[in-house]
Structures are given as structure tokens and as C-alpha cells.
Amino acid sequence: MSLIRVPKGTRDIWGEEIYLWHKVEEVVRSVAYSFQYEEIRTPIFESTELFARGVGEVTDIVQKEMYTFPDKGGRSLTLRPEGTAPIMRAYLEHGLNISNPRVKWFYMGPMFRYERPQAGRMRQFHQFGFEAIGFPQAACDAEIILIAWLVSKKLGLENLSLEINNLGCNKCRDEYVKTLQDFLKGEGDNLCANCKIRAEKNPLRVLDCKEETCQKVIHSPAFPLVQDFLCEECREHQDDLMEILRELDISFSINPYLVRGLDYYTRTAFEIKTGELGAQDAVAGGGRYDNLSSALGGPPVPGVGFAAGMERMILLLAKKYDPSSLKKQSLFYLAPLDVSGEKALLKLASFLGDRTIPFYLEFGDKRVKYHLKKAQKMGINTVIIAGKEEKERGELVWKDMVSGEQISMKEEELLAKLLEERKKC
RNA sequence: GUGAGCGUAGUUCAAACGGUUAGAGCACUGGACUGUGGAUCCAGGGGUUGGGGGUUCGAAUCCCCUCGCUCACCCCA
């Protein structure tokens, strides 16, 4: 019988790598705490409709990447491919637009997209994200970018670059899209097959295309760029944002071709990229989504946020940190030599556990030699030995692995010494 | 969805033109050392060579199919 393996594009996160995850989670929580963004945990699956309407019917995510399935009640459900639409759903569902219109939330957890796995891309992957809903101000865009930047900085990630763009609002985007569509029609066969369809259905996405023919079109002098079509308010919004970023000393560049693959973005769009991950170079991305609420059937509600790929951050982190250095070392190795030793040491375990002191308890009738070797391998400096000899004396043996010194003592004395030893660490 | 590369013990790798019983290091377990340490020596467990089919007297090796992994396209976190 063949072994069952994990499904394609998924994996176990275990061993020393888990300490890198803890590190990322810790930094995210600390920044969230500092900026007072509250955690929200939405379901792993939602109505398919939520993503179809929120993310956009003609996006790649909705058209070919969703894990969609009917449940036994005939509902169409989808494993969440991203976190923003569910959060806006929660905001509206709880009536926050009425009772508490301004919220700052963060989230962390698995997302699912049906894609061919490659470096930095999995079918189940993890994101954390920050969302500020109810704030139309450019300063709030800046806070979101600042948070993304700060998390990266606190993790020690280097060689990151920030690109921003402005996709316009309902007022100016329509005119731009119309102009763009007219222009693309004139280009006809100069576009790749894919972009001919995009020109009709989702013309902004043409700017993303890397096909050589399309690149030529996109970079031709006559090609209309969003930046040249921004209305007064959008222009101002972007100027304000850029001014704040400069004052914050966050360096960025304007990428007029940055459009991003989700429909809900308006005005600010941004991406943080790295040069160290191969083809999947976006570490974090986000922007403003003032149309999302309406798309979900709610009233107009402004929002801005970002999501970051945890696997990608961890890949970068793994190059800087030795994960084992992040592990909290056990202080004590409890070495039973027989059943009586196990009993005696389990009492110690209860004592240590009550005080949240880390220890490792072995079981069985292993020899002293085995225990000392293992303690050494685990890098634990103090070994407590218990066997029949100790039981007869009513004592336990304390051994210091560095000095080699060992002392037999009564339980009460040993407990006191354990506490004293903990203080040193 | 498309393309390329790769699948041999837990792991890293061997096995000349197809050749008889698929080996080694590391790791693990035990012993030398009957209750005291990263060394040394000895021994042991582990494999349907990813799976299936074909060619052949004979396949880890050649052919086909399939599955998986990796990277890239696509797209994104």
C-alpha cells in the first residue's frame, strides 16, 4: 500500500522552520499592537459569490484559481483566495458602517489558490494583512504602507523596493479606461491573444502583460497612462501620499504600469518587491479599495490595506537567521533510569510546568549514558537523574553538564535549586 | 492550463557497454563500557530503485504511460 502524501501545493510546516513562523507572527502582532489594529478571524471558506463580486468576475483568481465546491446543502462555497473581501463582508454584515464606521483590523492565516506550485508559490499559502476601513484620507494610505514597511524592517529584510501608482477613482477612471480601450482597439493585432480579450473585459490588465508585442505597445509614446488622467482629487491624494512617504523617509518609485490583478482597487496601489526570490518577487501588495463595499451590495465605504506573503517572508528570513537560534532552549533534561525514576521526575515535571519552565522529560529504562549524550546533543546544561538508587536514598541527582559536577540532594532542595537556576537564564 | 529538468534507504549520493545478492557516508538502534558525555571500533534495522506496462535470456539503467517533485511561463502574496 502506498503512503498518502500531502496534496499538491501544500506542505507541513515543522522542525526548526516553525521558529521562523513564530518570529514573523510575533513581529506582526507587535506592530498591530503598536498601531492598535485589532485581529479579526474570518472563516476559511465563504460564499463563492463573495469573491466573484468582490475580487472581480474577470480576474485570474476568480476565473481559474479558486477552490470552489458545493456543500451538502447545495451552496457554492470557496476556500478563501484572499483576505480583503471577507473582511469587508464582515464589516458590512456586522453593521459597522452604521455603528462604528472606522475600524482598523489585521488578520493572519491560510489562503488557497489553485495554481501550479513553484518557488514562493503554493496552493495553500499564508498571508497577513492590515485593513483600515472608513478612512478616505491619503494619510491612512501612508499608515498602511508604513506598517508594511515597518514589519519588513523589523524582520531585517533588506533590498526591498516600494512601487506605487494611482488607479484613479470613479470620476476619472472611466474616462481613462475609455481612452485606453480606444487606443487598444487601434492596436489590433499588435496585442497578444490574451490582451485582445483583456482590452474588452478588463483593459487595465493589459498594462501587466509581459509579452514582447504588448510591451512594445504599452511603452509606445502615445500610450495613455493613468497618471495623466487623474482628476484633481486623485492627483492631490497621490501628492499628499508621496509627501508623507518622503517625510517618513520611505523611498519609493512611481510605477505607472502597476495595476494589480484584483478589481477592487481605486487610487493608491502599491507593491513591495524583492530581488531575492526568483520569479515570485512580490512580498506584499495592497492599495485603496473604495469600490469594494458597493460591489458587495453595501453603501460606499472607503478602505485601504495590504496583504503580505508569509512564505515569501520566511524564505527571505531563512537566509538571515539560523532558525535554531530562535528556539527557546530547554533548561532541564529529566533523565529517568527506570519506572521509579519516571514517577519521581513526573512530579518534577508538574512543578516545572506550573511555573512554565521549559524542560524535556525522557521515558523508558535508558542508561545514564544515553541520557547524557542526548542532553548534550540538545544543548541542555542541567540533567536531573532519578533511578532506583536515588529512590532508596530518597534523593535526586543534579548534574551540571558544563562542569561535570553532580550532587545528590533531597527533593525540596532540588526544587529550590531549579528555581535559582531559572533566574540565571 | 503550457514548457523544461529530475525521481535509488530517514537524508546526501554511488552502482562502466543493460549483467547475476542495489552499495557507502551521515542519521537511528544496540554492543564494547552490567549507572555517567560530541571520540573510536563493531554490529543491526531499514529499499517492491515513485507506480504500471513494454523490449530483453537479463532492466535502477532502454521505450511508453502515469504520479510526484523542482523551476519557468501565466499570475500573484
Side-chain angles (χ1 to χ4, degrees), chain A residues 1-11 15 24 55 59-65 80-84 107-129 148 151-152 192-195 198 202 205 208-212 214 258-262 269-274 277-286 305-316 333 335-338 341 364-381 383 385-390 392 397 399-406 408:
Chain A
M1 213 165 48
S2 58
L3 284 176
I4 295 166
R5 311 178 194 217
V6 292
K8 191 186 187 81
T10 69
R11 62 193 204 97
V24 172
V55 175
T59 58
D60 281 13
I61 289 181
V62 171
Q63 284 189 334
K64 48 187 208 196
E65 295 174 2
R80 62 181 188 191
E82 60 99 47
T84 304
Y107 64 90
M108 224 186 301
M111 304 292 164
F112 306 84
R113 291 184 199 172
Y114 190 88
E115 298 185 273
R116 281 285 274 273
Q118 79 187 62
R121 190 170 80 183
M122 299 289 286
R123 289 184 172 181
Q124 174 173 337
F125 61 104
H126 297 75
Q127 290 185 333
F128 66 82
V151 169
S152 307
C192 71
N194 214 336
C195 281
R198 285 173 177 158
N202 198 352
R205 295 290 310 289
D208 254 345
C209 191
K210 284 155 202 147
E211 288 289 331
E212 206 176 315
C214 297
L258 176 68
V259 292
R260 305 187 50 72
L262 293 77
F270 71 93
E271 254 176 32
I272 295 178
K273 290 184 180 174
T274 171
L277 283 184
Q280 307 305 318
D281 59 355
V283 172
F306 78 92
M310 296 178 75
E311 276 81 1
R312 291 181 188 179
M313 289 199 158
I314 276 150
L315 285 172
L316 294 175
Y333 182 105
L337 302 181
D338 51 33
D365 52 359
K366 296 292 185 186
R367 297 200 222 160
V368 176
K369 186 189 184 76
Y370 174 92
H371 291 301
L372 295 182
K373 271 190 182 174
K374 184 153 178 176
Q376 193 161 48
K377 195 177 290 175
M378 291 175 78
I380 301 175
N381 289 332
V383 178
I385 303 166
K388 63 174 189 299
E389 292 177 15
E390 287 72 19
E392 281 160 15
V397 167
K399 182 173 178 86
D400 183 319
M401 295 292 283
V402 179
S403 65
E405 209 182 335
Q406 74 182 51
S408 187

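Naming: A, B, ... by sequence-line order, numbering from 1 per chain.
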In whole angstroms, the gap separating C1' of B/C69 from CZ of A/R11 amounts to 14 Å

Nucleotide of B/C71, B/G31, B/G37 approaching A/Q118 most closely (side-chain heavy atoms)
B/C71

Donor-acceptor pair, distance only, cut-off 3.5 Å: does the side chain of A/E390 make one with the backbone of A/G387?
yes

B/G23 and B/U66, which share atom name C1', separated by this distance in whole Å:
29 Å

Does A/R312 reach a base, just sugar-phosphate, or nothing at all? Heavy atoms under 4.0 Å.
base

Looking at A/R123 and A/P117, would you say the former's side chain and the latter's main chain have a donor-acceptor pair under 3.5 Å?
no

Annotated structure of RNA chain B as dot-bracket, pair cut-off 3.5 Å, Watson-Crick or G-U only, | for inter-strand, is (((((((..((((.....[...)))).(((((.......))))).....(((((..]....))))))))))))....

A/R121, nearest nucleotide to its side chain (from B/A77, B/G31, B/C76):
B/A77

Where the side chain of A/Y370 is defined as all heavy atoms beyond and including C-beta, which of B/C28, B/U29, B/A77 is the nearest nucleotide?
B/U29

Hits for side chain to side chain donor-acceptor pair (under 3.5 Å) against A/R116, two or more places apart or cross-chain, chain-then-number order -> none

Using a heavy-atom cut-off of under 4.0 Å over every strand shown, decide if A/I385 touches base, sugar-phosphate, or nothing.
base

Name the orientation class of the two ring planes belonging to A/F270 and A/F306 (parallel below 30°, tilted from 30 to 60°, perpendicular beyond 60°).
tilted

How close or far is atom P of B/G50 from atom NZ of A/K8, stated in whole angstroms?
18 Å

Categorize A/K399 for me: base, sugar-phosphate, or nothing, with a 4.0 angstrom heavy-atom threshold over every strand shown.
base

